[in-house]
Number of protein chains: 2
Amino acid sequence: MRETSSTPPEHVEIARPHRELLDQVLDKWSLQVLNELCERPSRFNELRRAIPAVTQKSLTATLRRLERNGIVERTVTSTRPVAVEYDITPLGKTLREPIDALLDWAHENMADIERARSRFNEEG
Amino acid sequence: MRETSSTPPEHVEIARPHRELLDQVLDKWSLQVLNELCERPSRFNELRRAIPAVTQKSLTATLRRLERNGIVERTVTSTRPVAVEYDITPLGKTLREPIDALLDWAHENMADIERARSRFNEEG
DNA sequence: CCGAATCCTTAGCGATACTG
DNA sequence: CAGTATCGCTAAGGATTCGG
């Protein structure tokens, strides 16, 4: 493919699998779940209490997605009643550094961002 | 606030403004737009061609959102017909480093991720 | 060329009820 | 306790059309 050079290579675009992966891992609730599990492994309802705004359905979906991608691990102990514990995997831990970089960025630049928003609203 | 200690401090959760900011800046199309504008300023239709999957509507919305947050700048030159150029701001440039860290993470760990997905699908 | 406006479809989410 | 199942809404997104 691309045997003609009519379209210049320009530069690499973001590969689709990479972007889809980040969509699955950086979505609304995943950041907060990871933030929790980086501190300590947690049970399902512990996570619900720690993230009050999430519904049971969304939390389940988020945990399944993270589990599917090897970011968190789900452990069932056959006690009575059953206990289910979620923990971050070694792979998941490697996500912490880039995510923290992002959170630091947000923290450092929030003032500038809000100034930009005010300007935009006034000029609009 | 927190005059009773019935709820232990545990640790800080992600502040809502920060999370909402990241939602606005890390969404489906913003990453690709930023990726383009980090290379060179671009006209509207240049961006459309560079990101074939984006619709005009979504690209407009993405650019407005980034502009509102001070990440990109929109310049109109009153030629005939009008030319509109989008460029990244200094603030936007500071986003590149943490985003690249994320993309590097995705690149480095994609193999592990796909192994985890296969395992998950087989066990499920 | 750069968009705004409209219509329409679909994915996502909350609410609720039920199971092992 | 830790989910699954179902329903109804609404909000995002695509396709298309129109305008400066």
Side-chain angles (χ1 to χ4, degrees), chain A residues 14 16 19-33 36-37 40-69 72-88 120-121 123-124, chain B residues 16 19-33 36-37 40-69 71-88 120-121 123-124:
Chain A
I14 302 175
R16 206 172 333 161
R19 219 224 55 237
E20 286 171 353
L21 168 59
L22 294 182
D23 283 347
Q24 297 208 350
V25 157
L26 298 179
D27 69 282
K28 184 174 180 185
W29 299 119
S30 292
L31 287 188
Q32 313 216 42
V33 168
E36 290 298 319
L37 295 186
R40 81 194 76 76
S42 303
R43 310 262 307 257
F44 187 82
N45 282 343
E46 282 182 308
L47 288 172
R48 288 192 73 173
R49 281 189 294 274
I51 311 169
V54 75
T55 63
Q56 167 271 329
K57 183 179 181 180
S58 299
L59 181 56
T60 301
T62 299
L63 289 168
R64 284 291 174 283
R65 199 167 46 239
L66 293 176
E67 188 193 359
R68 182 176 114 82
N69 287 294
V72 311
E73 187 188 21
R74 179 175 180 272
T75 310
V76 182
T77 74
S78 307
T79 57
R80 174 65 192 164
V82 273
V84 179
E85 191 169 75
Y86 293 93
D87 199 356
I88 195 162
F120 185 88
N121 291 337
E123 292 171 359
Chain B
R16 206 173 332 162
R19 219 224 55 236
E20 286 171 352
L21 169 59
L22 294 182
D23 283 347
Q24 298 209 349
V25 157
L26 298 180
D27 69 282
K28 184 174 182 185
W29 300 119
S30 292
L31 286 188
Q32 313 216 44
V33 168
E36 289 298 319
L37 295 185
R40 80 194 76 74
S42 302
R43 308 263 308 259
F44 187 81
N45 282 344
E46 283 182 307
L47 289 173
R48 288 193 71 174
R49 282 188 294 273
I51 312 168
V54 75
T55 63
Q56 170 269 324
K57 183 180 180 179
S58 298
L59 181 56
T60 301
T62 299
L63 288 168
R64 285 290 173 284
R65 200 168 44 241
L66 293 176
E67 189 194 358
R68 183 176 111 83
N69 287 295
I71 306 295
V72 311
E73 185 186 22
R74 179 175 180 270
T75 310
V76 182
T77 74
S78 308
T79 57
R80 173 65 193 166
V82 274
V84 180
E85 192 169 75
Y86 294 93
D87 198 358
I88 195 163
F120 185 88
N121 291 336
E123 291 170 0

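In the text below, chain A, chain B and the rest are named by the order of the sequence lines, each starting its count at 1. Only a predicted model underlies this, so the values are computations on that prediction, with no experimental measurement involved.
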Practice task
Give a yes or no on whether the backbone of A:V76 and the side-chain of A:S78 come within a donor-acceptor separation of less than 3.5 Å.
Solution key: no

Handout entry: Short side-chain N/O contact to C:dC2 OP1/OP2 from B:R43, under 4.0 Å
Key = yes

Practice task
Whole angstrom is fine here: how far is it from CG in B:L63 over to C1' in D:dG13?
Solution key: 16 Å

Exercise for the section: Report the distance from atom CZ of A:R80 to atom P of C:dT19, rounded to the nearest whole Å. Expected result: 15 Å

Practice task
Take B:R65 and B:V25 through the side-chain contact (heavy atoms from CB on, under 4.5 Å) test and state the conclusion after the steps.
Solution key: CA-CA 8 Å; B:R65 200 168 44 241; B:V25 157; over 6 Å; no

Exercise for the section: Provide, to the nearest angstrom, the distance between the CG atom belonging to B:L59 and the P atom belonging to D:dA15. Expected result: 14 Å

Practice task
Tell me what B:R74 touches on the nucleic acid: a base, only sugar-phosphate, or nothing, going by heavy atoms under 4.0 Å.
Solution key: sugar-phosphate

Completion exercise
Walking DNA chain C from its 5' end, the first of B:Q56 and A:A53 to be reached, judged by nearest nucleotide, is B:Q56

Practice task
Can you tell me the distance, in whole Å, between the CD atom of B:Q24 and the P atom of D:dA12?
Solution key: 11 Å

Completion exercise
To the nearest 0.5 Å, atom NZ of A:K28 lies from atom CZ of B:R19 at 6.0 Å

Exercise for the section: Five pairs at each end of the helix from C:dC1-D:dG20 to C:dG20-D:dC1: take the axis at both ends and give me the angle between them to 10°. Expected result: 50°

Problem - Phosphate-side-chain proximity, A:Y86 and D:dC1, N/O vs OP1/OP2 below 4.0 Å - result: no

Exercise for the section: Grab the CH2-C1' distance between B:W29 and D:dG14 for me, whole Å please. Expected result: 11 Å

Handout entry: Audit row: B:L47, B:L63, side-chain contact (heavy atoms from CB on, under 4.5 Å) steps and yes/no
Key = CA-CA 10 Å; B:L47 289 173; B:L63 288 168; 4.0 Å; yes

Exercise for the section: Figure out the CG/C1' separation between A:D23 and D:dA12, and round it to whole Å. Expected result: 14 Å

Problem - Spacing of B:L31 atom CG and A:I14 atom CD1 [to the nearest 0.5 Å] - result: 5.0 Å

Completion exercise
In B:N69, B:T62, B:I71, the residue satisfying side chain to side chain contact (heavy atoms under 4.5 Å, CB included) with B:S30 is B:T62

Practice task
Please report the C-alpha distance between B:I88 and B:L66 in whole Å, then the side-chain angles of each, then the deciding distance to 0.1 Å, and finally whether the side-chain contact (heavy atoms from CB on, under 4.5 Å) criterion is met.
Solution key: CA-CA 9 Å; B:I88 195 163; B:L66 293 176; over 6 Å; no

Exercise for the section: Scan A:R64 against the nucleic acid and name what it touches under 4.0 Å (heavy atoms): base, sugar-phosphate only, or nothing. Expected result: sugar-phosphate

Handout entry: Chi angles and distances behind the side-chain contact (heavy atoms from CB on, under 4.5 Å) call for A:E85, A:T77
Key = CA-CA 8 Å; A:E85 191 169 75; A:T77 74; over 6 Å; no

Completion exercise
Separation of C:dG20 atom C1' from A:F44 atom CZ, nearest Å, is 15 Å

Exercise for the section: Pick base, sugar-phosphate or nothing for B:R48, based on heavy-atom distances below 4.0 Å to the nucleic acid. Expected result: nothing

Exercise for the section: Please state how far atom CG in B:D27 lies from atom P in D:dA11, giving the value in whole angstrom units. Expected result: 18 Å

Handout entry: Residue closer to the 5' end of DNA chain C, B:E46 versus A:K28 (nearest nucleotide)
Key = B:E46

Exercise for the section: Would you kindly compare A:E85 and A:K57 by the position of their nearest DNA chain D nucleotide and give the one closer to the 5′ end? Expected result: A:E85

Practice task
Please check the phosphate of C:dC2 (OP1 and OP2 only) for any side-chain N or O of B:T60 closer than 4.0 Å.
Solution key: no

Practice task
Report yes if a side-chain nitrogen or oxygen of A:T55 is closer than 4.0 Å to either non-bridging phosphate oxygen (OP1 or OP2) of C:dG14; otherwise report no.
Solution key: yes

